[in-house]
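Written below as structure tokens is the structure these notes are about.
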Number of protein chains: 2
Amino acid sequence: MDEEQGVIQAENVGAKVYQRLRLDLMRSRFRPGEKLKLRDLAAGLGVSPTPVREALARLVSENGLQQLDHRSVRVPVLTEARCREILELRAELEGRAAARAAEHSGPAGAEMLLAIHERMMAAVRERRLDDLLAENERFHMTLCGLARQPVLLRIIEGLWLQCGPLQAGLTQIRMKHPRDQHPHLEVIRGLREGDPSLARLAVQRDVSLYGDELLRRLPQLNGPLSAEAPA
Amino acid sequence: MDEEQGVIQAENVGAKVYQRLRLDLMRSRFRPGEKLKLRDLAAGLGVSPTPVREALARLVSENGLQQLDHRSVRVPVLTEARCREILELRAELEGRAAARAAEHSGPAGAEMLLAIHERMMAAVRERRLDDLLAENERFHMTLCGLARQPVLLRIIEGLWLQCGPLQAGLTQIRMKHPRDQHPHLEVIRGLREGDPSLARLAVQRDVSLYGDELLRRLPQLNGPLSAEAPA
DNA sequence: GGGTGGATTTTGTGATAACAAATATGACGA
DNA sequence: TCGTCATATTTGTTATCACAAAATCCACCC
């Protein structure tokens, strides 16, 4: 059940289901608008509805899922305003985390991030799109973890969770910057040189650059499924 | 079950229990370190353990409660570092919300806040300490609501939830600023005059002024109960 | 009298079952 | 052929139950 995603030290079934669904949402393994059915999920995971219900309740209260009509839940369909708000907050808060990371994480952190980034670029070259999304998520979460601010990290994870379903759009983006000027590399340089404001600006550039592209594609990312719902 | 706290439009029992516990935590109705027992809560609310368990799981995933040993949960006992982090983030994010509120909420918002603040001061004079805490919470949440940024509001609520148990310390603080220079009044002036940076600075002053006092008292706020746990 | 070992009780976990509401299905009639 | 109403199925909700692990208690022994 834990595949490649590192150790999950959840003991009870409810927490396991929660972490599994949460990570799947952050890595865009569900499509916006998709309705989640209790018994289907439970059967798929080989557990009873009770712990699944617990997991869904947790995700709803983090806005990782939307409560539809007091009965069913679905993967969020974001309005443009909400999506913009999330991206603004991500830029602000991930920037803050990156600056803090640059202050007191040595070059060790930079090397860790570089390894992740290179795995991500390999995934791009080889068209392994799921891995691309997973490595990108890992890059950002690792960076924010280096800030050693657990409350901030948790908030940022929550923001990723909320815009997770749209991250799939990243796989459609052909960015025009040359390979050796990817914002991630500037972030890494900021950490390596202990330059907080460089790190902050680079992260903000990454988020807003790709965020703007996602915003442009938002209708088509939501589209196929938001049309499916009312039909 | 809904007392004075405004309309709660939760339909299912689990959500009702969740909202009840959440608001009680934000308003410091529980003491740090207190262990929450499933069957006791259920009996007290006249429901079965199942929905209570759902509510507790939601609160744990928002860090409004701490998972003790993979079995029991307790009201958080905050370290100084964590408390400081929460207060820093509150200053930043509530400041951001206040600035946004000043930009596009007219004097109507200012009057609403003034009414809440005056109820709060009345509660101070008459030593109604629970009401003091409730009105203070209402002031901050109403202010942040005026920013019309639901994602940001939710994050700030989460931060209040996490430091809620410590807010009880506010009742012990005799602040030295004259009555007509309370930071809340400056916030209101910022809104009334449409001055975002005044509103931001005033909120930040409020949070850090009272936050510093709470930090000084943190050991004694945690103390009685964190001593209770190991004994 | 104090400490240790076992039994009892407490407490959380998760599956099942009973219920209710909503949705889907299908037949009948216009 | 299409709409409508009744029925059947699906689906979420919550209480109950069975179980396991932890904590408590009590007796017994040193």
ask   = When all nucleic acid strands are considered with a 4.0 Å heavy-atom cut-off, which category describes B/L36: base, sugar-phosphate, or nothing?
value = sugar-phosphate
task = For nucleotides 17-23 of chain C, just jot down a letter per nucleotide in 5' to 3' order: B, S or -, based on protein non-hydrogen atoms under 4.0 Å.
result = -B--BS-
remark   = Closest heavy-atom pair, B/R174 versus B/T171, reported as atoms and distance to 0.1 Å, is NH1-O, 4.2 Å
inquiry  = Need two values: the first and the last nucleotide of DNA chain D, 5' to 3', having an atom under 4.0 Å from any heavy-atom of chain B.
reply    = D/dT13 to D/dA22
request  = Starting from C1' on C/dG12, measure out to CD on A/E54 and report it in whole angstrom.
outcome  = 11 Å
key: Spacing of A/R53 atom CZ relative to C/dT16 atom C1', expressed in whole Å   = 15 Å
request  = Measure the acute angle between the ring planes of A/H184 and A/F139, then classify it against the limits of 30° and 60° as parallel, tilted or perpendicular.
outcome  = parallel
remark   = Between A/L133 and A/S28 the two heavy atoms that sit nearest each other are CD1-CB, 3.9 Å
query = Is there any salt bridge (charged side-chain N to carboxylate O under 4.0 Å, His left out) pair reaching into residues 152-167 of chain B, and which pairs are they, with sequence neighbours excluded?
reply = B/R22-B/E157, B/E62-B/R154, B/R154-B/E157
Between P of C/dT9 and NZ of B/K37, the distance in whole Å = 16 Å
query = Within a reach of under 6.0 Å around CZ of A/R148, are more than 12 heavy atoms found that belong to other residues, nucleotides or ligands?
reply = no
query = Given side chains that start at C-beta, do those of B/P76 and B/P165 come closer than 4.5 Å, heavy atoms only?
reply = yes
request  = Assign A/L56 to base, sugar-phosphate, or nothing according to its heavy-atom contacts below 4.0 angstrom with the strands shown.
outcome  = nothing
Rounded interatomic separation in angstrom, taking CG from B/L41 and C1' from C/dT10 = 15 Å
inquiry  = Under 4.0 Å between a side-chain nitrogen and a carboxylate oxygen: does that hold for A/E213 and A/R217?
reply    = yes
Interatomic distance where NZ belongs to B/K35 and P belongs to C/dT11 [whole Å] = 9 Å
query = Any side-chain donor-acceptor pair under 3.5 Å between B/H117 and B/N136?
reply = no
